[in-house]
Amino acid sequence: MSDLRMRADLEALPNYKPGQAPKQLNPELVRYKVSANENPFPPLPSVRNAVANTLEGFNRYPDSSGADLASRLAQRYSVDPMNIALGSGSVEIVSQMIRAVADPGSEILFAWRSFEAYPLLVTAASATPIMVPLNDEHAHDFDAMLAAITDKTRLIIVCNPNNPTGTCITEEQLEAFMSNVPSDITVLIDEAYEHFNTRTDSPIGIDFFRKYPNVAVAHTFSKAYGLAGLRVGYAIVPEQLGQAMRKVSLPFGVTTLAQFAAAASLDAEEELQERVNHLIDERERVVASLTALGWDLTETQANFLWFPLGESSTKAAQVFESHGLSVRPYAGEGVRVTIDSDEANDRIVQVAEILVKQGLDNRLVTQLVKMQ
Ligand SMILES: *Cc1c(COP(=O)(O)O)cnc(C)c1O
């Protein structure tokens with residue numbers, strides 16, 4: 001047994017659970033990974049070429065400031081490059097932001113359930129996560145979040161659309177919220193799924209950034225842009241926050257490959273949005289089929305579905321798994337399923353029908369709630 005001196009609260013730190021690859025239960029079955037909200041399309045040729053062109057040079061360190069990519073992003077949003085923070089995925093962006101604002105014991109507030117990584121990053125930074133339950137519609141409860149603000153609050157994270165429930169907030173709700181948040185507390189709007197959001201009443205993070213000096217917006221190249229394996233994300237932030245984030249960021253955290261792939265992806269945005277549009281159409285097709293089967297799902301504006309199955313969640317996830325779909329179960333709460341290739345999506349509908357036949361759907365739950 002090793003006897004190394006470790007930080008005292010290590011035991012209390014949870015592990016991140018990545019989306020699982022499908023288990024090999026039945027070799028006859030084609031299997032799909034629908035557990036990590038990835039983009040099913042392979043990289044675009046132009047993006048592959050951009051990456052290939054960097055291969056000659058990776059004996060050298062990357063540009064540590066990511067100056068070219070930062071200036072591209074600054075132009076795109078008409079902000080100063082100092083307002084752009086780059087990270088090794090937007091997970092690292094969130095981590096930088098927490099470590100830039102929080103002292104040990106500071107409070108970081110966010111809705112729950114939301115993105116799995118938030119409480120891990122907060123506790124790893126020795127800050128305290130304040131997790132405010134979602135409302136009955138699986139959406140942000142802004143009144144409860146306002147009530148949870150204390151003089152220890154340093155950062156509030158609003159995930160829109162929310163992972164894993166897919167729910168959206170409205171511009172009106174966010175305005176009302178912002179007008180009550182003290183202006184020295186940073187509000188981060190995490191828009192990892194913004195490209196999939198078709199609601200016109202939903203807030204646009206950058207507009208709030210322009211209006212409020214304490215708003216930051218996080219974006220990622222992992223989902224709509226399909227660069228999950230290269231790790232690059234960014235935030236549009238007040239300059240003071242950007243400087244602080246650069247101090248605590250991982251040096252050389254964004255590789256040369258990732259920087260070039262991200263810049264090439266900005267060049268290919270129209271082509272990429274066509275793929276996203278296809279995924280949105282697929283989402284609507286699957287939702288319509290599930291509704292016809294009797295499912296009562298929350299409206300999703302992301303590239304995944306949320307099955308609020310409560311106590312049946314683990315069992316339902318096993319049924320998905322046994323039919324070749326690795327999904328993301330949240331025990332006692334629900335199951336998240338990513339919209340993927342057309343074939344995978346067909347399979348989702350098939351399994352949803354099987355779940356209804358097995359009495360593992362949520363109609364009964366919904367009826368009971370409505371009767372109250
Ligand atoms: C996937 C996801 C991210 C992005 O993660 P990367 O580190 O950029 O791959 C950020 N926020 C939320 C809510 C997500 O679901």
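Whatever order the structure lists ligands and atoms in, that order sets their numbers, starting from 1. Note: hydrogens, waters and symmetry copies are ignored here, and every other heavy atom, side chains too, is used. Keep in mind that this is a model prediction, so the values were computed, not measured.
- A salt bridge is defined here as a Lys NZ or Arg NE, NH1 or NH2 lying under 4.0 Å from an Asp or Glu carboxylate O, and R347 with D340 fails to meet this definition.
- Summary of contacts: the protein heavy atom closest to atom 7 (O) of ligand 1 is R231 NH2, 2.6 Å.
- When non-hydrogen atoms are compared, ligand 1 lies under 4.0 Å from the backbone of V91 as well as from its side chain.
- Considering backbone and side-chain atoms together, T220 places an N or O closer than 3.5 Å to an N or O of ligand 1.
- The closest approach between N37 and ligand 1 stays at or above 4.0 Å for every heavy atom of the residue.
- In this structure, a donor-acceptor pair under 3.5 Å is absent between the side chains of N303 and H195.
- Nearest protein heavy-atom contact of atom 11 (N) of ligand 1 is D190 OD2, 2.7 Å.
- The aromatic rings of F196 and Y193 are tilted relative to each other, their planes meeting at an angle between 30° and 60°.
- Atoms CD1 and CD1, on I204 and I189 in that order, are 10.5 Å from each other to the nearest 0.5 Å.
- Atoms of ligand 1 lying under 4.0 Å from at least one heavy atom of A192, given by number and element, are 2 (C), 3 (C), 10 (C), 11 (N), 12 (C), 14 (C).
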Using the salt bridge (Lys or Arg N to Asp or Glu O under 4.0 Å) rule, take K223 and E194 through it: C-alpha gap first, then chi angles, then the decisive distance, then the call. CA-CA 10 Å; K223 309 286 162 56; E194 50 145 4; over 6 Å; no
Please report the C-alpha distance between Q301 and E299 in whole Å, then the side-chain angles of each, then the deciding distance to 0.1 Å, and finally whether the side-chain hydrogen bond (donor to acceptor under 3.5 Å, both in side chains) criterion is met. CA-CA 7 Å; Q301 287 294 333; E299 183 192 343; 2.6 Å; yes
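- Residue contact check for ligand 1: C159 places a non-hydrogen atom closer than 4.0 Å to it.
- Taking the six-membered ring for Trp and thresholds of 30 and 60 degrees, F177 and F142 have ring planes inclined between 30 and 60 degrees apart.
- Proximity of S90 to ligand 1, defined as any heavy-atom pair under 4.0 Å, is shared by backbone and side chain alike.
- Within the 4.0 Å heavy-atom cutoff, G233 does not count among the residues contacting ligand 1.
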For V356 and W295, what are the C-alpha separation, side-chain angles and deciding distance, and is it a side-chain contact (heavy atoms from CB on, under 4.5 Å)? CA-CA 8 Å; V356 172; W295 284 91; 3.4 Å; yes
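- If you look at E92 next to ligand 1, there are no close heavy atoms at all, none under 4.0 Å.
- In F221, neither the side chain nor the backbone holds a heavy atom less than 4.0 Å from any atom of ligand 1.
- Taking every heavy atom of K223 and a limit of under 4.0 angstrom, the matching atoms of ligand 1 come to 1 (C), 2 (C), 3 (C), 4 (C), 14 (C), 15 (O).
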Tabulate below the donor-acceptor pairs under 3.5 Å that side-chain atoms of residues 214-222 make, not counting sequence neighbours, or state none.
residue: N214; atom: ND2; partner: I185; partner atom: O; Å: 2.9
residue: H219; atom: ND1; partner: Y77; partner atom: OH; Å: 3.2
residue: H219; atom: ND1; partner: Y234; partner atom: OH; Å: 2.9
residue: H219; atom: NE2; partner: E191; partner atom: OE1; Å: 2.8
residue: T220; atom: OG1; partner: S222; partner atom: N; Å: 2.8
residue: T220; atom: OG1; partner: S222; partner atom: OG; Å: 3.1
residue: S222; atom: OG; partner: R231; partner atom: NH1; Å: 3.4

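- In terms of protein heavy atoms, atom 15 (O) of ligand 1 is closest to Y193 OH, 2.6 Å.
- Remark: minimum distance from atom 9 (O) of ligand 1 to any protein heavy atom is reached at S222 OG, 2.6 Å.
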